[in-house]
Amino acid sequence: MAVQKPSIPKGTRDFSPAEMLKRNYIFGTIKKHFIRFGYQPIETPAMENLSTLMGKYGEEGDKLLFKILNSGDFLSKVSDAELNEKNSPKITTSISEKGLRYDLTVPFARFVVQHQNEINFPFKRYQIQPVWRADRPQKGRYREFFQCDADVIGNNALLNEVELVQLIDAIFSDFDVQIVMKLNNRKILSGIAEIIGQADKIIDITVAIDKLDKIGLENVNKELLEKGLPQKAIDQLQPILLLSGNTAEKLASLKNVLASSEIGLKGVDEMLEIIQYLRLFELKNEVELDLTLARGLNYYTGTIFEVKAKDVQIGSVCGGGRYDDLTGIFGLKDVSGVGISFGADRIFDVLNELNAYPKQQTENTKVFFVNFGKAEEAFCLPILAQIRKLGVNAEIYPEATKMKKQMKYADDKKIPIVVIVGEEELKKSVLTVKNMESGEQKELAIADFLHSIQ
RNA sequence: GUGAUUGUAGCUCAGUUGGUUAGAGCGCCGGAUUGUGGUUCCGGAGGUCGCGGGUUCGAGCCCCGUCUUUCACCCCA
């Protein structure tokens, strides 16, 4: 076979040991806080039945699903007529019945329905796994990336939302990254659509006003007009989009504006309750009501969250919301859930840009033994075993090659302590211990050395 | 899916209007130093110029296609 140039698919990445150390720090930190808030781990398969995934993420989402070709002679079930039509979406259902998961929330809803009799509600689960999306990669967007999800399902109380805010605050404080937590409520957005008489256009409206920050009011209005909203409705929308003041003031004005919309008022009340709760404790980061926050996923029905890093431009690093009926489609009615998803890969990019990793790397090798030959090995191996038993990371070079090469190996791996045992040390039954940072070295008795590294 | 952009040594990049044998820095390997890394000095290996086609006496350079990189749009962690 001809030699082929090695490569990986577009939008995917390899991670080196140095990068994995950083990523494990991110996953470890997030996981630690998930557990502290009472979440329990689950995992689901990388692939789901396509029927589970299709139609959950809107029209765009369906296009961005990676589909898996059926095994075997997958074309045998497709008629010549269908093939000649060349209608890809139509044929997809005949040749593919599995797809890679697009997020962790929909598989979780499926999991909950499938295991409803074993689950103790309210069920707080966390899940840290990769997801796949077939869009074009660009800054902060990959085709394979990790999400770290925490969801509470089977409970309506707004305290769940409040705890998620605390969780977000705790995690980013731990990372030492400044963020803004933006909150909104789909019911408020529905109320707004209702009072301008465009309830059926809710998705177009939210998608357009989501861009207010980015493209400005004029362009948002232009887009709304293109989507078929009457000018009168757009005019009615203006004062709402331009609401100013702090969160409490905005909510007070909204209460007036949405007076005739039952659902809108409900949304305002929910936000008010959350704000009340948030007065009970201190947060390190700011929380604000952002009426332009819409979030694309259309299964959200209540509170929606989005978190942006203050010092790095990279889109949102965490997002989520409440979904009242995601399990309904799988046959379990009236189970509401709320959850958030941390974008580990974006957090990775943010921490890289800010160079915000802790200096202490606990996963690295701490003690390295230079290998001088069989007799020295026999002397060192029991000591090495004891060091490991003490919980200290340690290794020995696998063969007696040139010392220069072994020292360079230790230096490259940034191992802080090198133990040298050659003929002389062997005679005296001692260790020469070198501090790689200072360059100092001294002779130590075995017991003294073991004591010093504890 | 739309519009741009990128590709030359392991990495970062030079390479003249198309003209002999494609260069540098870093890294790698060896030596100076048969028991000492990170600094120094000397030497060496490493390239089908992303891939395929075309124009030309001649292509790393021009044209077409394709893949890849990065960015924006759509959408989104």
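Naming: A, B, ... by sequence-line order, numbering from 1 per chain.
- For B/rC74, one of the phosphate oxygens OP1 or OP2 lies less than 4.0 angstrom from a side-chain nitrogen or oxygen of A/K211.
- Rounded to whole angstrom, the span from the OH atom of A/Y300 across to the C1' atom of B/rC76 amounts to 11 Å.
- A/G439 comes within contact range of at least one nucleobase, with a heavy-atom separation under 4.0 Å.
- Contact between the side-chain N/O atoms of A/Q138 and the OP1/OP2 oxygens of B/rA72 is found at a separation under 4.0 Å.
- For the OP1/OP2 pair of B/rC28 and a distance below 4.0 Å, the side-chain nitrogens and oxygens of A/K408 include at least one atom meeting the criterion.
- Between the side chain of A/Q441 and the base of B/rU36, at least one donor-acceptor pair of N or O atoms lies under 3.5 Å.
- Closest approach of A/T247 and A/L289 over heavy atoms only: OG1-N, 3.3 Å.
- More than 12 heavy atoms of other residues, nucleotides or ligands shown are found within 6.0 angstrom of NZ on A/K211.
- Closest to the side chain of A/K10, out of B/rC74, B/rU69, B/rC76, is B/rU69.
- Here the separation of B/rU8 from B/rG3, taken at their P atoms, is 25 Å to the nearest Å.
- If A/R143 and A/T401 are placed on RNA chain B by their nearest nucleotide, the residue sitting closer to the 5' end is A/T401.
- Between B/rC61 and B/rU16, the two C1' atoms lie 10 Å apart (nearest whole Å).
- Under the side chain to side chain donor-acceptor pair (under 3.5 Å) test applied with A/Q127, the options A/D151, A/T105, A/T44 reduce to a single match, A/T44.
- Across all strands shown, B/rG50 is found opposite B/rU66 as a Watson-Crick or G-U wobble partner, with both distances under 3.5 Å.
- For the pair A/D412 CG and B/rC29 C1', the computed distance is 14 Å after rounding to whole Å.
- Judged by closest nucleotide on RNA chain B, A/G11 is the one of A/V317 and A/G11 placed further toward the 5' end.
- The residue A/F146 sits apart from the nucleic acid: no heavy atom pair falls under 4.0 Å.
- Each of A/R141, A/R13, A/K139 was checked for a salt bridge (charged side-chain N to carboxylate O under 4.0 Å, His left out) with A/D345, and the lone residue meeting it is A/R13.
- Residues from residues 428-438 of chain A with heavy atoms under 4.0 angstrom of RNA chain B, sorted by number: A/K434, A/M436, A/E437.
- Across B/rC75, B/rU2, B/rC73, the shortest atom-to-atom separation from the side chain of A/R136 is found for B/rU2.
- The phosphate of B/rG31 has OP1 or OP2 within less than 4.0 Å of a side-chain N or O from A/K402.
- Searching all strands for a Watson-Crick or G-U wobble partner of B/rG25 with both distances below 3.5 Å returns B/rC11.
- Between A/K413 and A/E395 there is a salt bridge, since at least one side-chain N of the basic residue sits less than 4.0 Å from a carboxylate O of the acidic one.
- Among residues two or more places apart in sequence or in another chain, the salt bridge (charged side-chain N to carboxylate O under 4.0 Å, His left out) test is passed with A/D62 by none.
- Taking the six-membered ring where the residue is Trp, A/Y409 and A/Y397 present perpendicular rings, their angle passing 60° and hence far from 30°.
- Using P as the reference atom, B/rG54 and B/rG58 are 12 Å apart when rounded to the nearest Å.
- Ring geometry for A/Y300 against A/Y323 counts as tilted: the plane angle lies between 30° and 60°, on a 0 to 90° scale.
- At a threshold of 4.0 angstrom between heavy atoms, the contacts of A/I420 include nucleobase atoms, whether or not backbone atoms are also involved.
- Distances from the side chain of A/F372 to the nucleotides B/rG35, B/rA77, B/rG1 place B/rG35 closest.
- Within 3.5 Å, a donor on the side chain of A/E425 pairs with an acceptor on the base of B/rG35, or the reverse.
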